[in-house]
Undergrad: 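Structure in structure tokens, see below.
Keep in mind that what you see is a predicted model, and the values were worked out from it rather than measured. One-based numbering, in listed order, for ligands and for the atoms of each.
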Amino acid sequence: MNNIFEPVTVGQIELANRLVMAPMTRSRANTDGTPSDLAAEYYSQRAGLGLIVTEGTQPSDDGQGYLTTPGIYTDAHVEGWSKVTSAVHTNGGRIFFQLMHAGRMSHPNNTPHHRQGVAPSAVAPGAPMFTLSGMQDIPAPRALTIGEIGQTVADFRLAARRAIEAGADGVEIHGANGYLVHQFLAPSANRRTDEYGGSIENRARFAIDVTAAIAAEIGAARTAIRLSPGLAMWGIDEGVEGPELYRYLVRKLDELNLAYLHIMHTGNDALLADIRKLWHQPLIVNRPGRSRDLIGADIAAGLADLEAYGQLVLANPDFVDRLKTNAAMNQADQTTFFGGNATGYTDYPLLTAAST
Ligand SMILES: Cc1cc2nc3c(=O)[nH]c(=O)nc-3n(C[C@H](O)[C@H](O)[C@H](O)COP(=O)(O)O)c2cc1C
């Protein structure tokens, strides 16, 4: 039986253990999208996890949704992220960048070019978003043309190249949680009648195109994807065909021999079991709100190869040591999740500090 503290190979790298820091947006980047100087400290504090997946990072101006999220498409971004990767590597960690295109989950107040958001179709998510002028309704996006879909795939590809230039061990495509890739998958957000909409094959095409393009650019062993089957948020409804769509998509992605698949699992256990069988590379499972006594249970049950944790890692830089020693965990402070400074970011106490 595999244990959370055992090493595991992902792509061509060996991870010290099977615990993963889940991607978490912290909205503390500089206004030009470069990570703040504190980001190197924040991530390197958490290098004890087998793998760190960074916060969602936009591959282009269009890809930004929220305020002060980082990008990875300019020289300045590469330079800023290089400080993060070298700090993580110095502390013995490994790091994948999460490439996140927000699609329609975007507000013109938040992007550098202040343009209307882009999406598969001109359907608003029906959700508010925080902007510099407070909470605002997200306006309807503009539907991407076929040419622009090709350009968006190219943006992802270039961003993956730039991530590697910045020292990333790989990239994870954000195909979950209602953002652009997920919008293409869901009929409620994708009303297209061309080859990117309609049938399961067509709705899965964008996810596959992006993944294949990145794998061709940086190698499949450094390419991964995150999916959230069945997650209905911000106007996303996958319809009755949802599980079948994911079985198709996972089968197609499996052919690419990627580094890993990361599932944010919120309910359909039968589908998760199917995905486990269809997928032949490492599988990461993240279960929101997982209680501490169940950490390791998915690996022990053979359902996952790695397990990802978000809030517990956010609040406990020394998460792995605390698990090993059965120590108490700090609680995450939700008021400091997004924006701000070191408070609630780099100042969570370590076990040694807490016990002295
Ligand atoms: C502050 C915060 C920011 C998040 N940002 C992202 C993100 O950028 N990309 C993503 O895929 N998931 C994001 N998530 C979801 C987490 O990766 C994870 O799936 C979720 O927190 C559930 O796991 P947990 O209960 O272990 O925290 C975020 C979660 C939190 C708490």
Undergrad: For atom 24 (P) of ligand 1, what's the nearest protein heavy-atom neighbour? Residue, atom name and distance, please.
TA: G310 N, 3.7 Å
Undergrad: Considering H174, M21, R226 one by one, which has a heavy atom nearer to atom 12 (N) of ligand 1 than any of the others?
TA: R226
Undergrad: Could you tell me, atom by atom, which parts of ligand 1 come under 4.0 Å of a heavy atom of T25?
TA: 1 (C), 3 (C), 4 (C), 5 (N), 6 (C), 7 (C), 8 (O)
Undergrad: Is it the side chain (CB and beyond), the backbone, both or neither of N177 that lies under 4.0 Å from ligand 1, heavy atoms counted?
TA: side chain
Undergrad: Under 4.5 Å between side-chain heavy atoms, counting indirect links through other Ile/Leu/Val/Met/Phe/Trp/Tyr residues: same cluster for I52 and I263 or not?
TA: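 Same cluster.
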Undergrad: Decide whether an N or O pair under 3.5 Å exists between G289 and ligand 1.
TA: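 Yes: some nitrogen or oxygen of G289 is under 3.5 Å from one in ligand 1.
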Undergrad: Only heavy atoms of F338, strictly under 4.0 Å: list the atoms of ligand 1 that pass.
TA: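 Every atom of ligand 1 under 4.0 Å from some heavy atom of F338: 1 (C), 3 (C).
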Undergrad: So, is the end of the R162 side chain (NZ or CZ) under 6.0 Å from the ring centre of Y73 and within 45° of the ring's axis?
TA: no
Undergrad: In this structure, does ligand 1 have an atom that sits under 4.0 Å from one of the heavy atoms of N286?
TA: yes
Undergrad: Determine whether R205 and E195 satisfy the following criterion, side chain to side chain contact (heavy atoms under 4.5 Å, CB included), listing intermediate values before the conclusion.
TA: CA-CA 8 Å; R205 194 177 310 280; E195 66 263 41; 3.8 Å; yes
Undergrad: Under 4.0 Å from a heavy atom of Q98: which atoms of ligand 1 are those, numbered in the order shown and with their elements?
TA: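 That gives atoms 7 (C), 8 (O), 9 (N), 10 (C), 11 (O) of ligand 1.
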Undergrad: Does this structure show an ion pair linking E307 with R287, if we count only N-O contacts that are shorter than 4.0 Å?
TA: no
Undergrad: For E148, look at atom CD and say whether over 12 heavy atoms of other residues, nucleotides or ligands are found less than 6.0 Å away.
TA: yes
Undergrad: Under 6.0 Å from the CD atom of E201, do we count more than 12 heavy atoms belonging to anything else shown?
TA: yes
Undergrad: Nearest heavy atom to atom 1 (C) of ligand 1: which of Y309, F337, Y179 does it belong to?
TA: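 Shortest heavy-atom distance from atom 1 (C) of ligand 1: F337.
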Undergrad: Could you walk me through whether D169 and H89 pass the side chain to side chain contact (heavy atoms under 4.5 Å, CB included) check?
TA: CA-CA 10 Å; D169 294 295; H89 290 151; 2.8 Å; yes
Undergrad: Would you mind checking if R161 and E217 are paired as a salt bridge, meaning a charged N to carboxylate O distance below 4.0 Å?
TA: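 Yes.
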Undergrad: Under 4.0 Å from a heavy atom of G56: give me the atoms of ligand 1 that qualify, with their elements.
TA: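 Within the 4.0 Å cut-off of G56, ligand 1 contributes 8 (O).
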Undergrad: If you measure from each heavy atom of A176 to ligand 1, is any distance below 4.0 Å?
TA: no
Undergrad: Using a strict cut-off of 4.0 Å, indicate which atoms of ligand 1 neighbour a heavy atom of A22.
TA: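 Checking each atom against A22, I get 17 (O).
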Undergrad: Check ligand 1 against P288 and write out every atom of the ligand that is under 4.0 Å from a heavy-atom position of the residue.
TA: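 Those atoms are 22 (C), 23 (O), 25 (O).
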Undergrad: Can a salt bridge be assigned to the pair R276 and D305 using a cut-off of 4.0 Å between side-chain N and carboxylate O?
TA: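 Looking at D305 together with R276, the answer is yes, because their closest N to O distance falls below 4.0 Å.
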Undergrad: Decide whether an N or O pair under 3.5 Å exists between M100 and ligand 1.
TA: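 For ligand 1, there is no N or O atom that lies under 3.5 Å from one belonging to M100.
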Undergrad: For atom 2 (C) of ligand 1, what is the closest protein heavy atom, and at what distance to 0.1 Å?
TA: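 Looking at atom 2 (C) of ligand 1, the protein heavy atom closest to it is M24 CG, 3.8 Å.
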Undergrad: Could you check atom 17 (O) of ligand 1 against the protein and tell me its nearest heavy-atom contact, residue, atom and distance included?
TA: P23 O, 2.7 Å
Undergrad: When the ring planes of F184 and F206 are compared, do they come out parallel, tilted or perpendicular, using 30° and 60° as the limits?
TA: parallel
Undergrad: Heavy-atom contacts with Q311 under 4.0 Å: which atoms of ligand 1 show up? List them by number with element.
TA: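 By the 4.0 Å cutoff, the relevant atoms are 24 (P), 26 (O), 27 (O), 31 (C).
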Undergrad: Mind telling me whether F97 and W81 have parallel, tilted or perpendicular rings, with 30° and 60° as the class edges?
TA: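 Tilted.
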